[in-house]
Amino acid sequence: MVAEGRFVVERLVTTPRFRVRSLLLNRASLLAMESTIERLPFGTPVFVADGALIEVIAGFDIHRGCLAIADRPPTSTPLGLARSARTLVVLENCANADNIGGVFRNAAAFGVDGVVLSPACSDPYYRKAIRTSMAAVLSVPFARAVEWPQVLDDLRTEGFVVMATTPNADADTLERFASRGRPSRVAVLLGAESLGLTERAMAHADLAVRIPISPAVDSLNLSVCAGIVLSRLSEIAVSDKR
C-alpha cells in the first residue's frame with residue numbers, strides 16, 4: 001500500500017500494525033519529519049530526491065513531497081469485526097475513493113467500531129482513500145464481505161439491527177427513529193451515491209431511515225449522509241425495548 005503526505009505518513013509510521021518498507025521524500029519533508037523517521041526500525045530505506053525526480057518515479061505530481069510504502073496488515077472478517085462491535089458501517093458498491101475515505105473519517109470521528117465492505121467497493125488502502133480519510137483508514141478496522149448481501153443476515157444473527165439509509169419518502173425520518181432510542185448494536189447500511197442501495201440489500205435490512213432534505217435535491221453526498229447519521233446515533237441513548 002502507498003501512503004501520501006506528511007500527516008498520513010506520520011500516522012502510518014506511528015501505527016504499530018503497519019510495517020513501513022521505505023520512504024520517498026523531498027528535502028523539505030526530510031527536515032520536517034526527522035522525529036518521525038527516527039521511529040522507523042533501523043535499516044528502513046529513506047530515499048531523498050527533488051520534486052521532478054519524485055514525479056518521474058511515481059508517475060504523477062507528488063506536490064506533497066512525501067510517499068511511503070508499507071505492507072498491508074492482516075484483515076478481519078465481517079463476523080470477526082462484529083463480535084466486539086456496537087456500531088458498524090456497511091457499504092454497498094461504493095467505488096469512489098473520496099467517498100470511501102470520507103466515510104472512514106466520519107467513522108473515526110463518531111466512534112464506529114468497524115466498516116464492512118461489499119465485494120464491489122473500492123480499496124480503502126488506495127492512496128487517495130487513505131489521504132481523504134485523514135489517515136482514519138489506518139485506525140478504523142474493516143472487512144470485505146464474500147457473500148453479499150447474505151452477510152447482513154449474519155450480522156443480524158450476531159444481534160445487530162441493520163438500518164438502511166434511503167431518500168425514499170416512506171422511510172422513517174432519522175429524528176423519528178431517534179425518538180425511540182437506538183438498538184444496542186446497529187449496522188448502518190449505505191449505498192453508492194448515484195444508485196443508492198440495491199433492492200437485494202434493502203430486503204435484508206430491518207428498517208429504513210431517511211434524512212429530510214429539500215425536494216430540489218434528490219440525495220446527499222454519501223459521506224455527508226454517513227456523518228449526519230453517525231453523529232445522531234452517537235447522541236441517542238440505547239433503548240431497552242429494541
Side-chain angles (χ1 to χ4, degrees), residues 1-5 7-9 11-12 15 17-18 21 58-62 64 67-82 85 87-110 112-152 154-155 162 164-167 187-202 204-205 218-230:
M1 55 180 286
V2 178
E4 177 186 0
F7 175 80
V8 172
V9 171
R11 289 290 182 91
L12 181 71
T15 303
R17 67 194 189 98
F18 292 95
R21 290 188 180 186
F60 62 99
D61 181 16
I62 306 294
R64 291 171 178 81
L67 287 176
I69 299 291
D71 290 331
R72 292 168 177 258
T75 56
S76 183
T77 63
L79 290 183
L81 285 183
T87 307
L88 294 173
V89 168
V90 185
L91 296 179
E92 182 186 37
N93 299 341
C94 182
N96 184 290
D98 289 319
N99 281 334
I100 289 281
V103 169
F104 271 82
R105 187 173 180 180
N106 284 315
F110 297 111
V112 169
D113 301 299
V115 177
V116 177
L117 306 162
S118 79
C121 287
S122 63
D123 183 9
Y125 284 149
Y126 175 52
R127 63 176 180 83
K128 190 176 183 184
I130 299 173
R131 188 181 73 232
T132 305
S133 78
M134 294 298 289
V137 168
L138 306 179
S139 60
V140 177
F142 67 88
R144 191 173 294 276
V146 177
E147 300 295 332
W148 183 265
Q150 289 79 7
V151 68
L152 300 175
D154 295 336
L155 294 178
V162 178
T165 59
T166 175
V188 180
L189 178 60
L190 298 157
E193 190 167 310
S194 57
L195 300 175
L197 291 167
T198 63
E199 291 184 5
R200 291 180 65 218
M202 289 289 292
H204 290 260
D218 62 352
S219 63
L220 293 171
N221 169 271
L222 174 59
S223 60
V224 171
C225 175
I228 293 171
V229 173
L230 295 175

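Each residue takes its place number in the sequence, starting with 1.
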Worked verdict on Met1 versus Ile69 for side chain to side chain contact (heavy atoms under 4.5 Å, CB included): CA-CA 6 Å; Met1 55 180 286; Ile69 299 291; over 6 Å; no
Look up atom CE in Met202 and atom OG1 in Thr165, then write down how far apart they are to the nearest 0.5 Å. 8.5 Å
Are the side chains of Asp154 and Leu79 in touch, meaning some heavy atoms are under 4.5 Å apart? yes
Non-hydrogen atoms of Ile228 and Leu220 that approach each other most closely: CD1-CD1, 4.0 Å
Taking side chain as C-beta onward, heavy atoms only, is Val162 less than 4.5 Å from His204? no
In chain order, what residues pass the side-chain contact (heavy atoms from CB on, under 4.5 Å) check against Gln150, with sequence neighbours excluded? Glu147, Arg200
Could you check if a side-chain atom of Met134 sits within less than 4.5 angstrom of a side-chain atom of Val8, using non-hydrogen atoms only? no
With no hydrogens and no angle check, is any side-chain donor or acceptor of Ser139 less than 3.5 Å from a backbone partner on Ala136? yes
For Leu91 and Val116, run side chain to side chain contact (heavy atoms under 4.5 Å, CB included): C-alpha distance rounded to whole Å, both residues' side-chain angles, the deciding distance at 0.1 Å, then the answer. CA-CA 6 Å; Leu91 296 179; Val116 177; over 6 Å; no
Excluding sequence neighbours, so at least two apart, what forms side-chain contact (heavy atoms from CB on, under 4.5 Å) with Ser118? Glu92, Asn93, Ala120, Cys121, Trp148
Closest heavy-atom pair, Val140 versus Val115, reported as atoms and distance to 0.1 Å, is CG1-CG2, 4.0 Å
Minimum heavy-atom distance Leu197-Ala164, with the two atoms named: CD1-CB, 3.6 Å
What side-chain donor-acceptor pairs closer than 3.5 Å can you find for residues 100-110, not counting sequence neighbours?
unit_1, atom_1, unit_2, atom_2, d
Asn106, ND2, Gly102, O, 3.1
Asn106, ND2, Ser223, O, 2.7

Taking atom types as modelled, find out whether Glu193 and Asn99 have a side-chain donor-acceptor pair closer than 3.5 angstrom. yes
Apply side chain to side chain contact (heavy atoms under 4.5 Å, CB included) to Thr77 and Val146, showing your working. CA-CA 9 Å; Thr77 63; Val146 177; over 6 Å; no
Grab the two heavy atoms, one from Ala201 and one from Pro149, that are nearest each other, plus how far apart they are. CA-CB, 4.2 Å
Closest heavy-atom pair and its distance - Leu155, Ala187: CD1-CB, 4.2 Å
Taking side-chain contact (heavy atoms from CB on, under 4.5 Å) as the test, write out the residues that go with Pro73, two or more places apart. Arg17, Phe18, Tyr125
Give, for atom SG of Cys94 and atom CG of Leu190, the distance between the pair rounded to the nearest 0.5 Å. 9.0 Å
Go through the structure and list residues passing side-chain hydrogen bond (donor to acceptor under 3.5 Å, both in side chains) with Ser122, not counting sequence neighbours. none
Tell me the closest heavy-atom pair linking Val9 and Ala3, and the distance in Å. CG2-O, 3.8 Å
Would you mind listing every salt bridge (Lys or Arg N to Asp or Glu O under 4.0 Å) that reaches into residues 122-146, with sequence neighbours excluded? Glu4-Arg127, Glu4-Arg131, Arg72-Asp123, Asp98-Lys128
